[in-house]
Amino acid sequence: MNDAPITLPSSPGWPGDGVHRVPYWVYTDPDTYRRELERFYYAGHWCYIGLEAEIPHPGDFRRSVVGERSVIMVRTQDGGVRVLENVCAHRGAQFCRERQGNRKEFVCPYHQWAYDLEGKLRGIPYRRGIRQDGQLNGGMPADFQMEGRGLTSLKVAVRGGVVFASFDHSLESFEDYLGPTILSYFDRVFDGRKLKILGYNRQRIPGNWKLMQENIKDPYHPGLLHSWFVTFGLWRADSKTSLKMDPHKRHAAMIGVRSVGKPAGDVVSGVTSYKADMSLRDPRQLDIVPEEWWKGPTAVMLTLFPSLIIQQQVNSLSMRHIQPRGPGVFDFVWTHFAFEDDSDEMIQRRLLQANLFGPSGYVSADDGEVIEFSQMGFQEKPDQQCLLEMGGHDSEEATNIASETLIRGMYQYWRRVMGV
Amino acid sequence: MNQALEPLVYTELLQLYAEYTATVDAGNWDGWPEFFTEDCVYKLQPRENHERGLPLATLHFHSKGMLQDRVYGIRETLFHDPYYQRHVVSLPRVLAVDRGRWFLEANYAVFRTKLGEISTVFNVGRYLDEVVRVDGALKFASRFCIYDSEMIPNAIIYPI
Ligand code: FES
Ligand SMILES: [Fe+2]
C-alpha cells in the first residue's frame, strides 16, 4: 500500500504573496519533501523522541525516529538521557533492531563494534590485527583513533519528562523554541508530575505529514466532522475557544471549554453530524471529571512543529508522534499516558475515553480518513490550491472556531524557511 | 480447574466462531453485540501493549451497551471510506475449561477490500476468548483481539 504515488510534473511556485492559498504541490512534490526533512527535521527544530517514563532505569533504551532517521533514546549510567543515531560508525548498519530493552552497551552484529550508552566507540574486534606465525597482521592502522568515532549523538532537551532531540547542535534552547505562550501550555500538562505509560497505537496514514499538523490547527472541522464533539459539546461552535501561537507561528494551541447543555439553533443548524437524539447506552465512555490542573480549559491541543501533537481532551492524554515516510505517507504513533499519582478510577476513565482517539477512535479515525481523501485530491492536480480564508487572510490569534488562522500562520513560517 | 471438553460443546463453540465471523463479514453490525454477555469485555489491542501489560487498547469496551454505542458510531457518526472485510479464523484451541467457562484462543487474519481496489491484509492477530453459557446459548464474556500488525492502515472502523 505504500508504493510512492505517481506525481504529475509540478511547477513549484507560490500563488501570490499571502498564505490564504496553499498549492497542492506542497503535499506531493518529492523535492519539496526532501527539503522539508533537511530544514525542519534535521536542522533548526526540536523533534519529539519519547517520554522519560519509557526508559526509567540505566541501560533502558527505546527506539524512535527523527524525520525518517532511526534513533535510540537511552538512559545512561548517570541517569541522563541520550539520543543516538541508530547507524553504526563502521559501515552504516542500523544495528539496533529491538523496539526497546536494556543494555550495558550496544554491539553492532555485523562486525561487533561496541559502543557504550553514551555512544562512544569502545571496542573494535581485531583492531590490532590477527596474530599469525608470531606476527600481527591486518587490523586498523596504528594511528587510528577510537576517540570521536562513536555514534552520532543528538542534542537533547528534557522538560517535564518529555524528551526532544535535534541533529543540530547550534539549536536554541527548547524553552526559546516554544516561546512563552506555548511553553506555558506545555508546562500545564508536564508540570513535574511523574508520568505513567498506558500504551501505544500505531497507524500509517496515506497523506502528507503536514496534513496532521493542519488537522490539529483547524478548529473549524471538529464541530462538523465529529458527531461526538458536536453532540456532546466537547468541541463545537458555541464552545469558548482561543487560538494561540508562538512568535514564529509554527506552534499552536487550540484551547476550548466544553459546552454543556443543548446547543442553540444556529450553532447546529445544517450541521448533519449533530444528532439531537443521540445518547450513549453506556455513558462511562464520557464520564468526564474535571481536573484541577486544567485551570479552566477542558481541551488543549498543542501542535509542536514539526513532529508532535500533545492532546489533552477532557481526561484523555496522548503524545502523537508524526513520522514522515515520503511525501504522501506518514506513520502516526500514539503514546497514551496518565500520571503516577492518578487513582485507579482516573486511569480507568482515561482508558475508556481513549475510545474517542487513535486509529479507531470516535473522533480520530475519521481525521485519518479525511487526510487520505485530501491527499487523493492533491495528487491529481498539484497546481490547484487550497482555499484558506476562514477568518480572513491574516494569521493573528483568534477566539472562534470559524478560523483557519493557525494553518495560515504555519504556512507563513513554512514559506520563510523553505524560501518559497 | 481443567475439566474435560465435551465434543458436543466443541461443535457448539465452532458454530459460535463461524457465526461471529459471518456476522462481522456481512456487515450485520446489529448482530455483533448479540454474541456478547451484558457485562462483556471487548478489546482490540496491539500485541506490544498486551505483552508488556500496558492497558491501552485501540478499542476497549466494557459492556454490551458500549458495543451497541460502537454500532451506532459505525453507522451514524464515524465518517469513513467504506470497505469490505473478510476474516479467516483458525480452529479455536481450548486453553482451559472451568465450571461452564471455556477459555480459547484462535488465530485470525482480516483482509480489507476498498471500492475499486485490490484486497490487502488488514489486521492479523489472535483472539483470546472467554465463553460462557447464557440461557442455553454460548456468548463471549470477553473477546480480546490481540493484533500482530504493527501498523493499522489508516483506520479500523468495523469490529474485528
Ligand atoms: S557495520 Fe557495524 S560493525 Fe561493521
Ligand atoms: Fe479531528
Side-chain angles (χ1 to χ4, degrees), chain A residues 1-2 99-100 196-207 224-231 273 275 278-286 318 331-338 347-348 350-355 357-373 376, chain B residues 33 38-83 112 114 117-123 145 147 149-160:
Chain A
M1 65 162 289
N2 295 308
R99 193 189 332 260
Q100 60 145 47
K196 189 184 173 81
I197 307 294
L198 296 181
Y200 304 93
N201 266 316
R202 293 162 208 281
Q203 61 189 134
R204 180 160 294 172
I205 300 180
L224 295 165
L225 175 64
H226 306 310
S227 289
W228 275 60
F229 276 173
V230 205
T231 307
S273 48
K275 313 276 177 197
M278 175 174 170
S279 64
L280 293 178
R281 289 189 188 243
D282 191 331
R284 282 180 295 170
Q285 294 172 94
L286 266 185
S318 73
D331 289 346
F332 202 38
V333 177
W334 303 62
T335 306
H336 281 254
F337 61 94
I347 288 181
Q348 275 311 311
R350 297 197 200 286
L351 289 168
L352 277 182
Q353 288 179 24
N355 280 322
F357 307 101
S360 295
Y362 285 117
V363 299
S364 292
D366 27 23
D367 283 326
E369 295 283 284
V370 293
I371 285 174
E372 184 171 353
F373 303 159
M376 288 173 177
Chain B
E38 290 298 326
D39 56 354
C40 64
V41 181
Y42 175 89
K43 268 201 303 195
L44 171 67
Q45 191 181 42
R47 179 168 172 168
E48 180 187 15
N49 294 356
H50 173 75
E51 288 184 348
R52 294 183 50 209
L54 297 171
L56 184 80
T58 309
L59 287 173
H60 200 163
F61 301 133
H62 282 217
S63 66
K64 190 168 166 182
M66 285 191 199
L67 300 184
Q68 287 161 332
D69 289 332
R70 182 68 184 180
V71 169
Y72 184 84
I74 293 168
R75 197 171 281 138
E76 301 288 340
T77 80
L78 271 163
F79 191 76
H80 64 279
D81 211 8
Y83 62 92
R112 180 179 71 175
K114 283 193 171 192
E117 296 292 334
I118 53 174
S119 304
T120 55
V121 179
F122 184 44
N123 191 263
C145 317
Y147 57 90
S149 308
E150 280 280 308
M151 284 291 163
I152 288 177
N154 206 345
I156 294 182
I157 306 292
Y158 308 144
I160 299 285

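Only heavy atoms go into these numbers, but all of them, side chains included; no hydrogens, no water, no symmetry mates. Chain A is the first sequence line, chain B the second, and so forth, proteins listed ahead of strands; every chain is numbered from 1. Worth saying up front: this structure is predicted, and the values here are computed from it rather than measured.
Between the CG atom in A:Leu280 and the CE atom in B:Met66 there is a gap of 9.0 Å [rounded to 0.5 Å]. In this structure, CG on A:Asp282 lies 14.5 Å from CZ on B:Arg70, to the nearest 0.5 angstrom. Here A:Gln285 contributes atom CD and B:His60 contributes atom NE2; the two are 10.5 Å apart, rounded to the nearest 0.5 Å. To the nearest 0.5 Å, the span separating CG on A:Asp331 from CE on B:Met151 amounts to 3.5 Å. Separating the CZ atom in A:Arg202 from the CD1 atom in B:Ile152 is a distance of 10.5 Å, to the nearest 0.5 Å.
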Side chain to side chain contact (heavy atoms under 4.5 Å, CB included) assessment of A:Met278 paired with B:Glu76:
CA-CA 10 Å; A:Met278 175 174 170; B:Glu76 301 288 340; over 6 Å; no
Show the numbers, then the answer: is there a side chain to side chain contact (heavy atoms under 4.5 Å, CB included) between B:Leu56 and A:Trp334?
CA-CA 10 Å; B:Leu56 184 80; A:Trp334 303 62; 5.8 Å; no
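Below 30°, between 30° and 60°, or above 60°: for A:Phe373 and B:Phe79 the angle between ring planes is above 60°, a perpendicular geometry.
Taking chain B as the reference chain and counting heavy-atom pairs below 4.5 Å, the highest number among A:Lys196, A:His226, A:Arg350, A:Lys275 is found for A:Lys275. Among B:Asp81, B:Asp69, B:Thr77, B:Ile157, the residue making the largest number of heavy-atom pairs under 4.5 Å with chain A is B:Asp69. Considering only heavy-atom pairs separated by less than 4.5 Å from chain B, the leading option among A:Ser360, A:Pro359, A:Gly368 is A:Ser360. Chain A forms more heavy-atom pairs under 4.5 Å with one residue of B:Ile74, B:Leu78, B:Leu67, B:Ile118 than with any other, namely B:Leu78. Considering only heavy-atom pairs separated by less than 4.5 Å from chain B, the leading option among A:Val363, A:Leu351, A:Val370 is A:Leu351. Counting heavy-atom pairs closer than 4.5 Å to chain A, the top-ranked of the candidates B:Ser149, B:Gly53, B:Ser63 is B:Ser63.
Of the two parts of B:Glu150, the backbone and the side chain both hold a non-hydrogen atom closer than 4.5 Å to a non-hydrogen atom of chain A. For A:Phe332, no part lies under 4.5 angstrom from a heavy atom of chain B. With a 4.5 Å cut-off on non-hydrogen atoms, B:Arg52 touches chain A through its side chain but not through its backbone. Contacts of A:Gln348 with chain B are made by side-chain atoms alone, with heavy-atom separations under 4.5 Å and no backbone atom involved. For A:Leu198, the parts lying under 4.5 angstrom from a heavy atom of chain B are both the backbone and the side chain. Of the atoms belonging to A:Ser279, it is backbone heavy atoms, and not side-chain ones, that fall under 4.5 Å from chain B. With a threshold of 4.5 angstrom between heavy atoms, B:Tyr158 does not approach chain A through any atom at all.
The side-chain heavy atoms of A:Gln203 and B:Asn154, taken from C-beta on, include a pair separated by under 4.5 Å.
Within 6.0 Å of the CZ atom in A:Arg284, the count of heavy atoms belonging to other residues, nucleotides or ligands exceeds 12.
When all heavy atoms of B:Leu54 and A:Ile197 are compared, the pair lying nearest together is CD2-O, 3.5 Å.
Applying a 4.5 Å heavy-atom cutoff, the residues of residues 39-46 of chain B that approach chain A are B:Leu44, B:Pro46.
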